[in-house]
Every structure is written in structure tokens, then in C-alpha cells.
J.: 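Below are the C-alpha cells for one structure; questions will follow.
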Protein chains: 2
Amino acid sequence: MHNLDTTFAALSDGTRRAILAQLTHGEARLSDLAAPFDMSQTAVSKHVRVLRDAGLLVVEKRGRTRHCRLNAAVMKEASDWLDNYQTFWTRQFDNLAQVLVGQEE
Amino acid sequence: MHNLDTTFAALSDGTRRAILAQLTHGEARLSDLAAPFDMSQTAVSKHVRVLRDAGLLVVEKRGRTRHCRLNAAVMKEASDWLDNYQTFWTRQFDNLAQVLVGQEE
DNA sequence: GAATTACTGAACCATCTGGTTTACTTTATA
DNA sequence: TATAAAGTAAACCAGATGGTTCAGTAATTC
């Protein structure tokens, strides 16, 4: 799966976003990724699987450890989708500004 | 709720993204929003509620109809979060380019 | 070769999700 | 005033999600 559904769903969990944030500092073993969280390593392993299925990270087996690294390319599709709405949220700020000006009169 | 969890979760459904896309053409009644979909109006109503709870649209009661309009401002937070990774997906393309160049030699 | 480490798989559980149908409220129209 | 239209609420269902524990596998170290 590599569609927007799975990308956004994968990003909708704070633990998973924290994992991705951690990976911006470089690749990490699964046990390293699990350390900061107050949950079992199995749970983190499942989160990593969700991220991997979404294509957001890549897992490489190396000896008995699994090394994860970020694959941010998939995020671009999500970002591109959101970009279509950029004019709308900036326009909304414009409207807000007009409302605020109107209140001053 | 107005956090990234709920924003991304709301965006992780194709029906809901289609509803938001429809609203870029202007406000719409709930029955108009429901028309294109092969599901009950109740189901669409629930989707609209999810989007409203996420702050992605605003519902205004007007007579016996509900008029929905886009509130794209919430998307900006999601977009900002993704922007933090922009360097990583562009860098990844750079790496890919290097790999491709390497293969040519 | 035995013990330890790093992880996965399987079973289980509670809760959430996305859909349904039926019943209801509210507003507009004939 | 009766009827139709627009929408929500409630109950229900199947399947997904996010967590657990326990057992197993594979690689490393003692």
C-alpha cells in the first residue's frame, strides 16, 4: 500500500510521528527506537511495521538487529495534497485580517 | 480536539478528502455532499462530523439544511509538520540521482 | 554448547471505525 | 394541517487498531 489513506493513517499516531522524528537523527535499531516509550518493544515493533507498510521507513536486517531509516519520499505525496489547500488557509487568514480591521471601525 | 492525531486521522479517509475537495468549490449542503457517494446520507453525516471535530470544516445550521464550508487553517499545522521533513525527501532524491549517475559509469 | 540478546509471531483484549437500518426532530411546503 | 425533506440519534455489526503477554527463532557472546 502506498496511497494517501495509509500515509495519513500512519502519521495519525503520536508514537509513530515520534519514531519518524527520531530517525531524522540517523538510522536506529528497533530497540533504540523503543527505549523512550513506555510500552513494550512488541508494541513499537508493530508501529514500525505500520510505518514500513506505509513506506515511511525502511528496515534492514543486520545480524540480529533491525536497522530503520527514514524514507521521507512518501511524505511528499501527502505534502503535495495539502499544498492544494494552501491558498485556502492563506485566504482564510486574509479574511480574518479583514474581520479584525472591520472590528476596529 | 485539534491536534495532529485527529487532523491526520481525519485526512486518512478517501471519502473525507473528497468532501474537502468538493468544498473548495464553495460551501455545500450536506445532501449535496452526500450525492456523489454510494453510501447512506447517515454515513456521510458521520464523515462530516469527523471533519468538523477535526476543525477541517464548519457547519452552519440554516433552516432545515446544514451548510458546510472548508476551514483549511487546520491543515497548516499538518503541512508545517511535514515541512520539517522536506529536506529529507529532497536529499533522498539527490541520493537517488547519485545512485543513478553511479550506475551509468 | 549454554546463555543472552534482539526481535517476531500468535493469541488475546478493549476500543475505535465505517458502514448499515430504523426512528425521531425540525423545518418547509402543498 | 398534513406531508415531505433534511438531517441527527441510537442501536447494531464486522473488521481494524493499539496495546498486552507468552512463546519461539536467530544471532551473538560467554
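These figures come from a predicted structure and were not determined experimentally. Letters A, B, ... are given to chains in the order of the sequence lines, protein chains preceding strands, and every chain is numbered from 1. For the numbers below, each heavy atom of this structure counts, side chains included, while hydrogens, waters and symmetry mates do not.
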J.: Under a 4.0 Å threshold between the charged nitrogen and the carboxylate oxygen, would A/R17 count as salt-bridged to A/D13?
T.: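 A salt bridge is absent here (no side-chain N lies under 4.0 Å from a carboxylate O).
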J.: Side chains of B/L56 and B/L20: does their closest heavy-atom pair fall under 4.5 Å?
T.: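 Yes, close enough: below the 4.5 Å cut-off.
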J.: Whole Å only: how far is the CG atom of B/D32 from the P atom of D/dA5?
T.: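 Nearest whole value for this atom pair: 15 Å.
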J.: Atom CG of A/L30 to atom P of D/dT25: distance rounded to whole Å?
T.: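 So the CG-P distance, A/L30 to D/dT25, works out to 20 Å.
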J.: Is there a side-chain polar atom (N or O) of A/T65 under 4.0 Å from OP1 or OP2 of C/dA6?
T.: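 It does not, given that no N or O in the side chain of A/T65 lies less than 4.0 Å from OP1 or OP2 of C/dA6.
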J.: Whether the A/H67 and A/R29 side chains hold a donor-acceptor pair (N or O, under 3.5 Å, no angle test) is what I'd like checked.
T.: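 Judged by distance alone, the side chains do not pair up.
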J.: Just to confirm, is there a sub-4.0 Å distance from OP1 or OP2 of D/dG7 to any side-chain nitrogen or oxygen of B/S45?
T.: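 It does not, given that no N or O in the side chain of B/S45 lies less than 4.0 Å from OP1 or OP2 of D/dG7.
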J.: What is the nucleic acid contact for B/R62, judged by heavy atoms within less than 4.0 Å: base, sugar-phosphate only, or nothing?
T.: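 Since no nucleic acid heavy atom lies under 4.0 Å of B/R62, the category is nothing.
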J.: What is the separation between atom NE2 on B/H47 and atom P on D/dG7, rounded to the nearest whole Å?
T.: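 Atom-to-atom, B/H47 to D/dG7, this comes out as 16 Å.
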J.: Using heavy atoms to find the nearest nucleotide of DNA chain D for B/V59 and A/T42 separately, return the residue whose nucleotide is more 5′.
T.: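 This one resolves to B/V59.
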J.: Less than 4.0 angstrom between a side-chain N/O of B/R49 and OP1 or OP2 of D/dG7, yes or no?
T.: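 B/R49 to D/dG7 OP1/OP2: no side-chain N or O under 4.0 Å.
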J.: Mind calculating the distance between CG (A/D5) and C1' (D/dT17) to the nearest angstrom?
T.: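 For the pair A/D5 CG and D/dT17 C1', the rounded distance is 15 Å.
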J.: Would you please confirm or rule out a distance under 4.0 Å between OP1 or OP2 of D/dG7 and any side-chain N or O of B/S31?
T.: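 So the side chain of B/S31 is within the cut-off, an N or O lying under 4.0 Å from OP1 or OP2 of D/dG7.
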J.: For the pair made of NZ in B/K61 and C1' in D/dG7, what is the distance, rounded to whole Å?
T.: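 For the pair B/K61 NZ and D/dG7 C1', the rounded distance is 9 Å.
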J.: Take atom CG of A/D13 and atom C1' of D/dT17, then tell me their distance rounded to the nearest Å.
T.: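 My rounded result for the distance is 9 Å.
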J.: Looking at C/dG19, does its base get a donor-acceptor pair with the side chain of B/K46 below 3.5 Å?
T.: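 A donor-acceptor contact between them is present.
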J.: Starting at the 5' end of DNA chain C and moving along, which residue's nearest nucleotide shows up first, B/T15 or B/G63?
T.: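 Comparing both residues, the 5'-ward one is B/T15.
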J.: Please report the distance, rounded to the nearest Å, between CD in B/Q41 and C1' in C/dG18.
T.: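 In whole Å, C/dG18 C1' and B/Q41 CD are 16 Å from each other.
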J.: Less than 4.5 Å apart, any side-chain heavy atom of A/L33 and any of A/I19?
T.: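 Answer yes - side chains close enough.
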J.: Between B/R29 and D/dA6, is there a side-chain N or O to OP1/OP2 distance below 4.0 Å?
T.: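 So the side-chain polar atoms of B/R29 do come within 4.0 Å of the phosphate oxygens OP1 or OP2 of D/dA6, strictly under.
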J.: For the side chain of A/R64 and the base of C/dT5, is some donor closer than 3.5 Å to an acceptor across the two?
T.: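 Indeed, a donor on one side and an acceptor on the other fall under 3.5 Å apart.
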J.: Under a 4.0 Å N-O cut-off, is there an ion pair linking A/R69 with A/E60?
T.: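 A salt bridge is present here (some side-chain N lies under 4.0 Å from a carboxylate O).
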J.: Could you state the CZ-P distance from A/F37 to D/dG18, rounded to the nearest angstrom?
T.: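 Atom CZ in A/F37 sits about 13 Å away from atom P in D/dG18.
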